[in-house]
**Student:** 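Before we start, here is the structure in question, set down as structure tokens.
Within every chain, numbering begins at 1; the chains are lettered A, B, ... in the order of the sequence lines, protein sequences first and strands thereafter. Only a predicted model underlies this, so the values are computations on that prediction, with no experimental measurement involved.
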Protein chains: 2
Amino acid sequence: MSNLHVPMTTVQRLPSYLQALISAQAQRMPVINSVEIAEMVGTNAAQVRKDLSYLGEYGTRGVGYDVDSLIAHLARWLGIEQHRNVAIVGFGRLGGALQGYGGFGDRGFRVVAVFDDDPDKIGEPYNGCTVESIDDIEIVLAREKVDIAMIAVPAMAAQSVADSLVAAGVKAILNFAPVRIEVPEGAIARQADLAAELQILSFHLSSLERQT
Amino acid sequence: MSNLHVPMTTVQRLPSYLQALISAQAQRMPVINSVEIAEMVGTNAAQVRKDLSYLGEYGTRGVGYDVDSLIAHLARWLGIEQHRNVAIVGFGRLGGALQGYGGFGDRGFRVVAVFDDDPDKIGEPYNGCTVESIDDIEIVLAREKVDIAMIAVPAMAAQSVADSLVAAGVKAILNFAPVRIEVPEGAIARQADLAAELQILSFHLSSLERQT
DNA sequence: CTTTGTGAACAGATTCACAGCG
DNA sequence: CGCTGTGAATCTGTTCACAAAG
């Protein structure tokens with residue numbers, strides 16, 4: 001019963017459900033049930049059913065979920081029925097890797113613009129898109145109809161880049177710099193701090209070491 | 001009151017507290033209080049105090065927290081008093097970027113080994129470490145005293161790489177491949193699926209678009 | 001007879017509000 | 001007094017268990 005309130009925790013699990021369904025589709029399964037989905041993503045069936053029920057009634061009682069149709073519904077909820085255009089700001093090691101990373105294309109995203117402030121890099125064509133000057137950000141973002149940006153610049157520059165992006169109308173930002181960036185109401189930013197992920201793992205290692 | 005049970009949600013916030021404290025230290029603040037920390041990381045003071053209280057009584061009532069000593073305590077809980085050695089499996093675009101990424105060194109980690117299965121890459125020295133054959137994983141991990149590994153191989157290969165890592169004694173894995181990997185009891189794996197992060201942002205964009 | 005969808009029970013995390021301590 | 005540390009209250013998310021539906 002699509003009561004216009006999907007919990008954040010549910011949203012975070014939707015991509016994994018979509019992955020599971022695509023894998024089921026690849027195995028030519030026409031129908032899948034909540035137990036099978038749960039196994040594939042490492043949860044329990046009740047969680048899967050509750051999560052999906054926030055989006056609507058997409059299953060058939062006694063049968064399960066039609067794989068193709070559930071994929072379509074999830075893709076629609078995730079806003080990737082059509083590809084979304086993403087931009088990368090910062091063409092250093094990480095930005096370059098993100099640009100070259102093949103894993104976005106078949107997950108609903110297309111990298112259409114890359115920015116840097118280093119004159120040596122600007123104008124260089126890589127993998128079908130040219131590195132643009134960060135000064136042209138407003139024009140290029142509008143021209144390329146970018147709706148998501150990834151920030152891969154040093155921590156010091158991240159907030160000011162975020163401000164430019166928001167000013168240029170970008171409403172969603174994935175920030176790889178290890179600082180919290182502020183965005184105004186109406187825009188969303190997510191933090192992707194790789195070193196923090198390692199620290200969390202390290203905490204668990206320490207726990208293991210401690211209990212000996 | 002260090003009652004041997006730190007909630008997962010708290011653990012996930014510890015890296016951001018540490019970052020905030022380091023930034024306070026850089027500004028020569030000798031003492032900081034929960035309100036200031038909360039502002040820096042974007043939470044509220046009660047949350048900060050509760051989180052820190054799971055680790056111990058590190059503050060002084062009426063005063064706040066001594067920056068240097070709290071940094072030391074957090075670093076200890078996060079297991080990064082001494083650097084931890086990490087390995088990267090998969091020297092493609094992403095693996096290469098992780099290897100070259102400068103952001104790990106001052107967060108407590110040292111990349112000491114890189115593996116790939118492509119004979120053309122093996123033996124090449126990059127940035128002070130040589131690409132090793134994935135067949136030598138057990139020997140090299142032991143020699144380099146690796147305790148955390150990052151998986152940056154194609155989805156298909158991720159689980160088998162994880163199995164080798166665990167067999168070689170690695171207890172913590174950060175997996176960048178877009179599949180859930182299984183590790184036995186006693187080891188920990190975290191998922192770092194970049195496309196999933198974009199999908200979560202895209203969901204929010206769709207919500208915004210929907211309510212118009 | 002099977003599996004969904006969902007209220008109700010439960011568990012866990014956040015926030016409140018104040019006692020306790022420097 | 002000021003700020004921490006923490007029980008108690010609240011809120012949010014998860015799990016249970018079953019009625020509803022094919």
**Student:** Can you tell me the distance, in whole Å, between the CZ atom of A:Arg49 and the P atom of D:dA19?
**Tutor:**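 The answer, rounded to whole Å, is 15 Å.
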
**Student:** Can you find a side chain N or O atom of B:Ser34 that sits less than 4.0 Å from OP1 or OP2 on D:dC3?
**Tutor:**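 No, outside the criterion.
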
**Student:** Looking only at side-chain atoms of B:Asn33, point me to the closest of C:dG5, D:dG5, D:dT4.
**Tutor:**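 The listed nucleotide nearest to B:Asn33's side chain is D:dT4.
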
**Student:** Toward the 5' end of DNA chain D, which comes first, A:Asp51 or B:Leu52, by nearest nucleotide?
**Tutor:**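 Whichever sits nearer the 5' end wins; that is B:Leu52.
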
**Student:** Judged by each residue's nearest nucleotide on DNA chain C, which is more toward the 5′ side, A:Thr60 or B:Thr60?
**Tutor:**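 Per heavy-atom nearest nucleotide, the more 5' residue is A:Thr60.
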
**Student:** Grab the CD-P distance between A:Gln12 and D:dT12 for me, whole Å please.
**Tutor:**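 Spelled out: CD on A:Gln12 to P on D:dT12 is 16 Å.
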
**Student:** Which nucleotide, D:dT15, C:dT14, D:dG13, lies nearest any side-chain atom of A:Asn44?
**Tutor:**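 Side chain of A:Asn44 sits closest to D:dT15.
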
**Student:** Would you say a side-chain N or O of A:Thr9 is under 4.0 Å from OP1 or OP2 of D:dT14?
**Tutor:**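 For A:Thr9, the contact criterion (side-chain N or O under 4.0 Å from OP1 or OP2 of D:dT14) is met.
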
**Student:** Is A:Gln99 reaching over with its side chain to a backbone N or O of A:Cys129, donor-acceptor style, under 3.5 angstrom?
**Tutor:**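 It does not hold such a pair.
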
**Student:** Choosing from C:dT15, D:dT14, D:dA21, which nucleotide comes nearest the side chain of A:Tyr54?
**Tutor:**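 The closest nucleotide is D:dT14.
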
**Student:** Separation of B:Glu57 atom CD from D:dG7 atom C1', in whole Å?
**Tutor:**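 Atom CD in B:Glu57 sits about 14 Å away from atom C1' in D:dG7.
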
**Student:** Measure OH/B:Tyr17 against P/D:dT4 and give the value in whole Å, please.
**Tutor:**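 These atoms are roughly 13 Å apart.
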
**Student:** Rounded to whole Å, please give me the gap between CG in B:Asp66 and P in D:dT4.
**Tutor:**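 Distance check: B:Asp66 CG to D:dT4 P gives 13 Å.
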
**Student:** Starting from P on C:dT3, measure out to CD1 on A:Ile37 and report it in whole angstrom.
**Tutor:**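 Interatomic distance, CD1 of A:Ile37 to P of C:dT3: 13 Å.
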
**Student:** For A:Met150, run the side-chain contact (heavy atoms from CB on, under 4.5 Å) check against A:Ile173, A:Val86, A:Asn175, A:Val89 and tell me which one passes.
**Tutor:**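 When side-chain contact (heavy atoms from CB on, under 4.5 Å) is applied between A:Met150 and each of A:Ile173, A:Val86, A:Asn175, A:Val89, only A:Val86 qualifies.
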
**Student:** Any donor-acceptor pair under 3.5 Å linking the side-chain atoms of B:Asn33 with those of B:Tyr65?
**Tutor:**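 Note: B:Tyr65 and B:Asn33 side chains miss the donor-acceptor criterion.
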
**Student:** For A:Gln47 and D:dG13, is the shortest distance between a side-chain N/O and OP1 or OP2 below 4.0 Å?
**Tutor:**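 So the side-chain polar atoms of A:Gln47 never come under 4.0 Å of the phosphate oxygens OP1 or OP2 of D:dG13.
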
**Student:** So, under a plain 3.5 Å distance rule, would you say the side chain of A:Arg61 forms a donor-acceptor pair with the base of C:dT4?
**Tutor:**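 In this structure, the two groups form a donor-acceptor pair.
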
**Student:** Any side-chain donor-acceptor pair under 3.5 Å between B:Ser206 and A:Arg84?
**Tutor:**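 Result is yes, a qualifying pair exists.
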
**Student:** Would you say B:Arg13 places a side-chain N or O within less than 4.0 Å of OP1 or OP2 belonging to C:dT14?
**Tutor:**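 Yes, because at least one side-chain N or O of B:Arg13 sits under 4.0 Å from OP1 or OP2 of C:dT14.
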
**Student:** D:dT4, C:dG7, D:dC18: which one has an atom nearest the side-chain heavy atoms of A:Lys50?
**Tutor:**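 Shortest atom-to-atom distance from the side chain points to C:dG7.
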
**Student:** Keeping the roles fixed (side chain from B:Gln159, backbone from B:Glu182), state whether a donor-acceptor pair exists under 3.5 Å.
**Tutor:**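 It does hold such a pair.
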
**Student:** Take atom OH of B:Tyr58 and atom C1' of D:dC3, then tell me their distance rounded to the nearest Å.
**Tutor:**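 After rounding, the reported distance stands at 19 Å.
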
**Student:** I need the CE-P distance between B:Met8 and D:dG13, as an integer number of Å.
**Tutor:**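 It works out to 17 Å between those atoms.
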
**Student:** OP1 or OP2 of C:dT2 versus the side-chain N and O atoms of A:Tyr65: is any pair under 4.0 Å?
**Tutor:**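 Answer no for this pair, as no side-chain N or O of A:Tyr65 is under 4.0 Å from OP1 or OP2.
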
